[in-house]
Colleague: 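Provided herewith is a single structure, encoded as structure tokens, for subsequent inquiry.
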Amino acid sequence: MPASIEKQIEKLREQLRYHSYKYYVLDDPDIPDAEYDRLYNQLVALEEAHPELITADSPTQRIGSKPLTAFEQIQHEIPMLSLDNVFSEDELQAFYHRLQERLNSHDEIEFTAEPKLDGLAISLRYEKGLLVYAATRGDGFTGENVTQNVRTMHSVPLRLLGENPPAVLEVRGEVFMPKAGFEKHNKQARENGEKEFANPRNAAAGSLRQLDPAITASRPLSFYCYGLGIVEGRALAKTHYQILQQLKDFGLPVCDEIKVLSGINACLSYYENLLNRRDALSYDIDGIVYKVNAIELQERLGFVSRAPRWAIAHKFPAQEEISRILEVDFQVGRTGAVTPVARLEPVFVGGVTVSNATLHNMDEIRRKDIRVGDQVIVRRAGDVIPEVVRVVPGSRKQQLPEIQMLTHCPVCKSLIEQLEGEAVARCTGGLYCRAQRAEAIKHFASRKAMDIDGLGDKLVEQLVEQKLINTAADLYQLTADTLASLERMGNKSAANLLAALEKSKHPSLSRFIYALGIREVGESTALNLANEFKTFPAVQHATFDQLIEVEDIGPVVAQHIVNFFQQRHNLEVINQLFAAGIEVQGVSQAISDNQPASELSGKTVVITGTLPSMSRDEAKDKLLAVGAKVTGSVSAKTDYVLAGDKAGLKLTKAEKLGVQIIDEDTMLSMLSNK
Ligand code: D41
């Protein structure tokens, strides 16, 4: 056996341990993952060629053991204590005063403050620097041997780093599942129809108590140390904080939020600070643990029953509580989304009393099988809207009917639509629905839509709130007096706004379509529609089959368009807009383009017969381009009939009604006349 192979193997192991430490403990990797993998694979190859050189502490030996049939019991040589709790500032003050009394001193006491991780407590035993076992806390005296599982966790070193770790070192800490891993695991479980974890704490416990270590290895578990058990062979530092730093130097992970603080006020500000940042942390915490920092003082203070006198957990308000669903209502948001909302028996959760919680959408209600009358777990985390997490298992004592989505909007009575594959149901009331009005009008007035200068969001909200407008069409009924009576609106701005409204009355077809705020009809879809259908009535009456032929329009958008124009309310608003003097320019234009004006702009023209130099379609395009309307039949509203060869009935009718008849040449010269 060449000595160099052994050396090579040992060197690779050292490198891998060091890089794991940088990555998992210091969160500061030196090398990219791919380089780590390369080193790892080199080691695997060497060990395969020389299996006699494999040792249990090799980085390749994290997984490999066979599933167990049961967990062995392990006695903790030094019991794992429990922690007393306080829930308020007053209780914390009382704790502090007890300490001062016992220590017979009025000096400020120094503490470490650490986040209280929501996971599972374990004890790791290292002998001569090697991990010999890992045990759960159990009842504090006897736990379960979970060594196989803990070995799969990359943040737990199989061999300690540094020159002289104690001959025996027991390290206590918390195993937890970071939020991201928890979410990911639950998403996968949901997709595979498997059971989800109720919270990260259950996830950590469930993952660690697997008989098959391969399952544990697939779970994203982390670990932070917070204390010691037995230490033999050498003394560690004299304060809790310094000891944690020593553990970190041995390659063990320590939470980097841990701070040394002096006195109670510093503890309270640490608490407030972390409570505010709770949601931003990558792991769940349920409070703060304060520990007297000096080991000497800890020893003087000692224990009561099973908890140390020198430590206390200051709990955060619970983010989950149990309540009951009294009723389910539906709310319409500003975009028309219809959201089921649970009315609850009031419950104190996350620091406030909650009596409403979102149920998100019908899919969520079905998935969680929530019914009126159920006992449920309500969650309020930070500033997030309270939600119903799930039904309390086994709490339903009688059959309850399923919750049904409404068919019509509770605000405007328009049809509610829910498209295939979409979770969100929506009110189709658009411009008409009071819940959506302000948003719809803001959109209508916006720069890329009707471009009404001076009609900002604030003003729209004011107008809607004071019921001065109900729909976009009402904008055109506003008077100088009404406007001038508004807050922060002088005569001058009122006049400017009226002028802007007047100016907006001749939108291009694409702008007008866009301005209607049809779901998923943005600028470019509006332009495609205008290009395809040329006139507003053609768009309005387009069938589903015609619509899906248009560039970039699929069945979903086509259905939105059809639904929009089927709503009587929407048609009313559109008619009011026309009645108010909106004249849609009859052809597609890029939204920023201006229409060239001509003598024929805005006129209604009927084309008949064969034209000498162009097809009827070409003539139509020319007319539409200047904003003329081209219709199919002659009536009293027709301004001109463009007649070519073999013009038949339409010409006769025009003569009868006295409609002016023009030929191609006349049309061409009129087109360029302003
Ligand atoms: O983060 C924690 N969950 C945590 C738990 C912590 N940061 N410190 C702790 N310190 C102790 C003492 C003071 C008894 C060593 C603890 C726990 N105990 C603990 N975890 C579960 C039971 C007790």
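Counting starts at 1 for both ligands and their atoms, in listed order.
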Colleague: Please set out all donor-acceptor pairs under 3.5 angstrom arising from side-chain atoms of residues 247-265, sequence neighbours excluded.
Modeller:
| residue | atom | partner | partner atom | Å |
| --- | --- | --- | --- | --- |
| Glu257 | OE1 | Arg277 | NH2 | 2.9 |
| Glu257 | OE2 | Arg277 | NH1 | 3.3 |
| Ser262 | OG | Glu108 | OE1 | 3.4 |

Colleague: Are any of the N or O atoms of Ser82 closer than 3.5 Å to those of ligand 1?
Modeller: no
Colleague: Applying a heavy-atom cut-off of 4.0 Å, say which part of Arg137 lies close to ligand 1: side chain, backbone, both or neither.
Modeller: side chain
Colleague: In ligand 1, which numbered atoms sit nearer than 4.0 Å to a non-hydrogen atom of Glu114?
Modeller: 6 (C), 7 (N), 8 (N)
Colleague: Provide, to 0.1 Å, the distance between atom 23 (C) of ligand 1 and the closest protein heavy atom, together with that atom's residue and name.
Modeller: Leu81 O, 3.2 Å
Colleague: Is Gly227 in contact with ligand 1, taking contact as a heavy-atom separation below 4.0 Å?
Modeller: no
Colleague: Is it the side chain, the backbone, both or neither of Arg172 that has a heavy atom closer than 4.0 Å to ligand 1?
Modeller: neither
Colleague: Distance from Leu228 atom CG to Glu170 atom CD, nearest 0.5 Å?
Modeller: 9.5 Å
Colleague: Can you find an N or O of Lys116 that's nearer than 3.5 Å to an N or O of ligand 1?
Modeller: no
Colleague: Before we go on, tell me: are the rings of Phe176 and Tyr224 under 6.0 Å apart, centre to centre?
Modeller: yes
Colleague: Please answer whether the main-chain N or O of Gln93 pairs with a side-chain N or O of His97 as donor and acceptor at a distance below 3.5 Å.
Modeller: yes
Colleague: Suppose I only count heavy atoms of Pro115 and a 4.0 Å limit; which atoms of ligand 1 are within that range?
Modeller: 1 (O), 7 (N)
Colleague: So if I count the atoms of ligand 1 from 1 in the order they appear, which ones are less than 4.0 Å from some heavy atom of Leu83?
Modeller: 5 (C), 9 (C), 11 (C), 13 (C), 16 (C), 17 (C), 18 (N)
Colleague: Is the closest heavy-atom distance from Gly173 to ligand 1 below 4.0 Å?
Modeller: no
Colleague: Can you confirm whether or not the ring centre of His19 sits under 6.0 Å from the ring centre of Tyr36?
Modeller: no
Colleague: What residue pairs, at least two apart or across chains, pass salt bridge (Lys or Arg N to Asp or Glu O under 4.0 Å) with a residue in residues 227-244?
Modeller: none
Colleague: Any side-chain heavy atom of Asp284 sitting closer than 4.5 Å to one from Phe182?
Modeller: no
